[in-house]
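Working notes for the structure below.
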Amino acid sequence: MHRTGWGSDIRPEPAALIEDHALIGDLYTAALIARDGSVNFLCLPDFDSDACFVSLLGTPDNGRWKIAPKVAVRDVRRRYRGKTLILETEFVTDEGVVRLVDFMPLRKGVPHLVRWVEGVRGKVTMRSELRPRFANGYTVPLVSRRDGSFAAVAGPDAVYLRGGTGEAPPPFDSEFTVQAGQRIPFVLSWARPYEGIPEPLDPEAALRETESYWEEWSARIRPPREHEDVVIRSLLTLKACTFHSTGAIVAAPTFGLPETPGGERNWDYRFCWIRDAALTLNAFMRAGLKEEAKAFGDWLVNAIGGAQGQMQIMYGIRGERRLTEVELGWLRGYEGARPVRIGNGAYSQFQLDVLGEFAWVLYLYAQLLGTLPERGQKVLKAIATQASKVWMEPDHGIWEMRGPKHSFTASKVAAWIAIDRWVRAIDEYGLKEDKAPWVELRQTIFDEVCSKGYDAKRNTFTQYYGSEGVDASLLVIPLSGFLPADDPRVAGTVRAIEEELMPEGLVLRYRTEESVDGLVGEEGAFLACSFWLVNTYYLMGRNEDARRLFDKLSGLCNDVGLLAEEYLPGARRQIGNFPQAFSHLALVNSAYHLEDERKPTMYA
């Protein structure tokens with residue numbers, strides 16, 4: 001849907017839809033830019049830093065930078081330039097056509113945001129409104145002229161604006177005209193105020209270098225035979241969510257975008273989940289991006305450390321363990337969804353599934369390396385040992401439930417995975433280990449899951465022992481190799497998911513109940529789970545169903561190929577943090593899965 005008709009006055013504006021945004025980044029942080037030319041979200045200098053622009057979760061007074069025609073806009077067209085993260089937005093007006101080019105150069109010190117206005121046809125009057133707000137939209141900076149730039153400074157943060165229509169630095173609010181063939185660059189640079197003003201950036205050279213980098217990186221991708229465009233765009237998005245210093249990948253570059261319209265399910269996703277790790281390694285390996293896979297695997301091993309009993313479900317982008325959750329009371333929330341939170345209190349939860357996921361990752365990492373180094377052997381055995389001690393305990397489950405603990409079936413399957421991957425490693429790498437007790441334990445867990453986590457009357461596995469509901473996480477059963485996809489119990493579970501969790505053809509994670517997840521309100525269809533069903537259908541031999549669902553899901557991408565965490569079929573809107581790495585990882589894996597004639601389990 002095209003947005004039209006904004007003017008130059010500073011009246012309240014309706015929030016842009018989540019899917020109205022595109023992503024640009026510099027491998028340290030990322031910005032969201034709406035169709036109306038407004039930068040509505042940007043944390044500086046890094047993904048997990050405080051936001052400088054956060055109008056997406058509040059009002060323009062919480063920080064944004066909008067460049068757009070002053071006159072009414074009749075149409076908006078946008079695209080990424082080739083296989084890059086350089087965004088081009090064309091505004092069609094009665095005066096003419098103007099193109100806005102947005103990108104973040106690869107960082108060589110301080111971060112820069114470059115916005116380039118190009119005249120395409122006619123002569124168009126433009127307006128630039130820059131409102132930096134530090135400390136996540138709270139702090140109003142002091143604005144002044146400094147050495148050829150306009151500066152905004154408050155506390156530990158400063159931004160400097162250069163460029164514009166003439167030699168003098170442009171004010172933060174300005175009007176100018178652009179005619180066909182004319183190019184007007186703006187450069188916004190961030191630095192610590194006590195470290196001096198950053199050196200001027202050459203926008204022309206930066207554009208060439210940025211385009212060259214992304215085109216060369218994209219050329220390394222080994223795409224699937226089908227769905228090439230959507231897979232490459234998803235991989236570019238995942239690369240943009242990568243913190244260059246460590247190789248960690250944030251679940252999303254945003255915080256506070258709601259899973260429930262107007263509700264309280266609003267989390268900070270600027271961290272790295274073990275849950276996503278197996279999908280990440282598998283996606284990078286299938287795409288031929290071994291350098292990224294190895295960097296992520298190295299980060300993961302370092303973040304975990306040497307005590308598997310201290311393993312967390314998520315870590316900061318540098319491996320931080322303390323991710324304290326606080327509320328930002330001055331932000332009204334996206335469409336009123338409050339509270340807005342930063343940090344994530346789920347980091348301290350006990351989730352049994354993390355052991356299986358990390359064992360899965362290490363097993364994949366060994367396949368990437370072609371060997372299981374001694375350190376990997378010790379860690380994989382330690383994980384299996386930890387799983388052997390705690391597998392019978394209830395936990396918060398894969399979805400980080402904030403209600404009471406339960407014996408979630410998928411968590412018990414994850415414990416089985418931890419033992420299974422250790423047994424496989426013993427066999428495949430000729431390890432001098434007695435595997436008999438591990439094989440026995442694996443069978444013990446298997447038997448319990450098939451007894452206590454299975455409802456024989458309904459022929460389905462259940463969300464947790466003794467419950468009547470189902471959960472999309474049960475799809476891990478065929479995807480992990482716990483049971484073959486042609487097992488009648490798998491077929492029954494898939495049938496139950498179709499009947500209970502697919503009201504509009506897409507998969508819900510589970511039926512939200514305050515007694516289970518501790519929160520109120522419904523949520524949308526979870527896109528990653530829907531892609532899991534694609535893979536399950538394919539393993540079951542339901543090829544047409546798999547392809548039909550994949551096409552439906554990939555068709556939900558916005559006009560520049562991005563997906564949020566969830567989708568609201570009734571409203572035809574994306575919802576949740578954006579873009580969501582989990583969704584794009586699942587898309588990539590499904591695309592490669594659909595062309596694999598061997599039909600292996602998802603990550604085997």
Check: Ile342 main-chain N/O paired with Asp268 side-chain donor or acceptor under 3.5 Å: no
Ser55 and Asn40 side chains, donor-acceptor separation under 3.5 Å: yes
Pair Asp61-Thr59, side-chain donor/acceptor within less than 3.5 Å: no
Distance flag, aromatic centroids of Phe531 and Phe582, threshold under 6.0 Å: no
Any donor-acceptor N/O pair, Thr536 side chain to Trp532 backbone, under 3.5 Å: yes
Partners meeting salt bridge (Lys or Arg N to Asp or Glu O under 4.0 Å) with Glu226 (sequence neighbours left out): Arg547
Pairs flagged by salt bridge (charged side-chain N to carboxylate O under 4.0 Å, His left out) wherever residues 25-34 is involved - sequence neighbours left out: Asp26-Arg107
Hey, can you pull the donor-acceptor pairs under 3.5 Å for the side chains in residues 243-253, sequence neighbours left out?
residue : atom : partner : partner atom : Å
Thr246  : OG1  : Ala248  : N            : 3.2
Thr246  : OG1  : Ile317  : O            : 2.6

Check: Asn136 main-chain N/O paired with Trp330 side-chain donor or acceptor under 3.5 Å: yes
Main-chain N/O of Lys83 paired with Ser218 side-chain donor or acceptor, under 3.5 Å: yes
His21 ring center within less than 6.0 Å of Phe41 ring center: no
Asn558 side-chain N/O to Val560 backbone N/O, donor-acceptor pair under 3.5 Å: yes
With Trp299 via ring pair (Phe, Tyr, Trp, His ring centres under 6.0 Å) - residues at least two apart: Phe296
Backbone N/O of Trp214 and side chain of Thr84: donor-acceptor pair under 3.5 Å: no
Of all pairs that satisfy salt bridge (charged side-chain N to carboxylate O under 4.0 Å, His left out), the ones with a partner from residues 554-569, not counting sequence neighbours: Arg35-Asp559, Arg78-Asp559
Glu129/Lys66 salt bridge by N-O under 4.0 Å criterion: no
Counterpart residues, salt bridge (Lys or Arg N to Asp or Glu O under 4.0 Å), relative to Arg548 (two or more places apart): Asp545
Check: Ala564 main-chain N/O paired with Gln574 side-chain donor or acceptor under 3.5 Å: yes
Residue list, side-chain contact (heavy atoms from CB on, under 4.5 Å) with Val143, at least two apart or on another chain: Phe150, Ala152, Phe172
Residues that Arg81 engages under salt bridge (Lys or Arg N to Asp or Glu O under 4.0 Å), provided they are two or more places apart: Glu88, Glu211
Residue list, side-chain contact (heavy atoms from CB on, under 4.5 Å) with Arg338, at least two apart or on another chain: none
Trp65 and Ser128 side chains, donor-acceptor separation under 3.5 Å: yes
Presence of salt bridge, Arg265 and Glu259, under 4.0 angstrom: no
Backbone N/O of Phe526 and side chain of Ser530: donor-acceptor pair under 3.5 Å: yes
Test: Arg64 and Asp36 ion pair at under 4.0 Å: no
For Arg133, salt bridge (Lys or Arg N to Asp or Glu O under 4.0 Å) partners two or more places apart: none
Donor-acceptor contact present, side-chain Asp46 to main-chain Cys43, <3.5 Å: no
CA sep, side-chain torsions, deciding dist, call: Glu90, Arg99, salt bridge (charged side-chain N to carboxylate O under 4.0 Å, His left out): CA-CA 4 Å; Glu90 285 192 354; Arg99 179 182 301 120; 2.7 Å; yes
Listed partners of Phe271 passing ring pair (Phe, Tyr, Trp, His ring centres under 6.0 Å), at least two apart: none
Ring pair (Phe, Tyr, Trp, His ring centres under 6.0 Å) against Phe53, all qualifying residues, sequence neighbours excluded: none
Test: Arg270 cationic atom under 6.0 Å from Phe47 six-membered ring centre, within 45° of axis: no
